[in-house]
Amino acid sequence: MDKEVQLDLILIKNFYMRYLFGVTIIWAFSFSLIGVYLSGQVDAWFSVLMRIGIAMMIFLPFLKLKEIKSESIFKLIAIGSVQLGLMYCFYFQSFRFLTVPEVLLFSVLTPIYITLLNDILSRRFHKGHLLTALIAVLGAAYIQYSSISENVFLGFLIVQGANLCFAVGQVAYKYLLESTPELETTPMHTIFGLFFIGAFLVALIAFSILGSTEKMPSTLVQWGVLIYLGAVASGAGYYFWNKGAVLVNTGSLAIMNNALVPLGLIVNLVIWNKEADLVKILIGGSLIFASLALNEYAIKENRE
């Protein structure tokens, strides 16, 4: 490959890594916002429906599907239904059984799922990606390893359901765009509405079956949180996250999933005055970002 082309690809990838960092910061607030203002106060199924519905309404006007095959449309809807629809169904329910720090802690297995799923699709075993993901997991686990509450096992399983859905969606979306020429050349904002349509269908079914109208938002703050989560965290957040996920390597993508842990705990501590061990956050966070640096170094060495 020509050196100028290689340089362009490196610059593009680094640009989209900034997207992932930016979205990570936005999502770091979501855990505490849900835990403080919505969990136990607003019906979780309604929260999922509203969050996804707002995001979907933002992208529907941009849909252009004339040159997109029916098969690709179906796949994008299916990916959205899993990565966002099913994931949120698990995610919002987890706050019924776990504290915000515990939800953050139990999300640390996501990088492992991403790495292993990618290896299954590529039919190759990437030891480097798995190693750096394991380092990230150790860093995240170190931050919040403490005594656990009742119902923690059920909460743990629910969070793993969310983690697996999120991992499947990320890997499938990345694989689909890389293996489908028509999607590679299509502006992402013109097809991303399909992603939210899939998620909304799942959320609508879940609310119809399991939701309750007795716990609707009753304050401006609760409505404001839902609008923020829908428009910013879900709408803009997932758009830029998936956009960045396509252009970074799988190791970096896996590790960035765990950057949420130290950032989420810092937000929870500083703004809502929750107890947290700053030393553990610094040490664990350093391990997470060291694993990211190690992964980037390994990729650079292999490229050269």
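Along the sequence shown, residues are numbered consecutively beginning with 1. In this text, all values refer to a predicted model and were calculated from it rather than measured experimentally.
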Using a cut-off of 6.0 Å, state whether more than 12 heavy atoms not belonging to [X] lie near its atom [atom1].
| X | atom1 | value |
| --- | --- | --- |
| Met57 | CE | no |
| Tyr228 | OH | yes |
| Phe59 | CZ | yes |

Roughly how far apart are [X] [atom1] and [Y] [atom2], rounded to 0.5 Å?
| X | Y | atom1 | atom2 | answer |
| --- | --- | --- | --- | --- |
| Phe95 | Phe31 | CZ | CZ | 6.0 Å |
| Ile191 | Leu183 | CD1 | CG | 5.0 Å |
| Thr180 | Lys75 | OG1 | NZ | 5.5 Å |
| Tyr91 | Phe166 | OH | CZ | 10.0 Å |
| Ser234 | Met50 | OG | CE | 11.5 Å |
| Leu210 | Gln93 | CG | CD | 7.5 Å |

Is there a donor-acceptor pair under 3.5 Å between the side chain of Ser94 and the backbone N or O of Gly155? no
Determine yes or no for a side-chain-to-main-chain donor-acceptor pair under 3.5 angstrom, with Gln222 supplying the side chain and Val42 the backbone. no
Locate the shortest heavy-atom distance separating [X] from [Y]; write the atom from each residue and the value.
| X | Y | answer |
| --- | --- | --- |
| Leu38 | Ser47 | CD1-OG, 4.3 Å |
| Ile158 | Phe90 | CG2-O, 3.0 Å |
| Cys89 | Val202 | SG-CG1, 4.2 Å |
| Lys69 | Glu182 | N-OE2, 2.8 Å |
| Leu86 | Cys165 | CB-SG, 3.7 Å |
| Ser30 | Leu229 | OG-CD2, 3.6 Å |

Determine whether Gln83 and Val168 satisfy the following criterion, side chain to side chain contact (heavy atoms under 4.5 Å, CB included), listing intermediate values before the conclusion. CA-CA 7 Å; Gln83 184 182 346; Val168 167; over 6 Å; no
Could you go step by step and tell me if Arg51 and Ile34 meet the side chain to side chain contact (heavy atoms under 4.5 Å, CB included) rule? CA-CA 11 Å; Arg51 182 171 181 174; Ile34 295 170; 3.7 Å; yes
Students often mix this up, so state it plainly: with edges at 30° and 60°, are the rings of [X] and [Y] parallel, tilted or perpendicular?
| X | Y | answer |
| --- | --- | --- |
| Trp27 | Trp241 | tilted |
| Phe62 | His189 | perpendicular |
| Tyr88 | Tyr238 | perpendicular |
| Phe46 | Trp223 | perpendicular |

Can you check side chain to side chain contact (heavy atoms under 4.5 Å, CB included) on Asp43 and Glu214, steps first, answer last? CA-CA 8 Å; Asp43 179 68; Glu214 295 180 1; over 6 Å; no
So if you build clusters from Ile, Leu, Val, Met, Phe, Trp, Tyr with side-chain heavy-atom gaps below 4.5 Å, do [X] and [Y] land together?
| X | Y | answer |
| --- | --- | --- |
| Val221 | Ile54 | yes |
| Leu204 | Leu60 | yes |
| Phe196 | Phe74 | no |
| Ile209 | Leu49 | yes |

Steps toward side chain to side chain contact (heavy atoms under 4.5 Å, CB included) verdict (Phe207, Val48): CA-CA 8 Å; Phe207 178 70; Val48 171; over 6 Å; no
Under the criterion side chain to side chain contact (heavy atoms under 4.5 Å, CB included), which of Leu194, Leu76, Thr186 is the partner of Leu65? Leu194
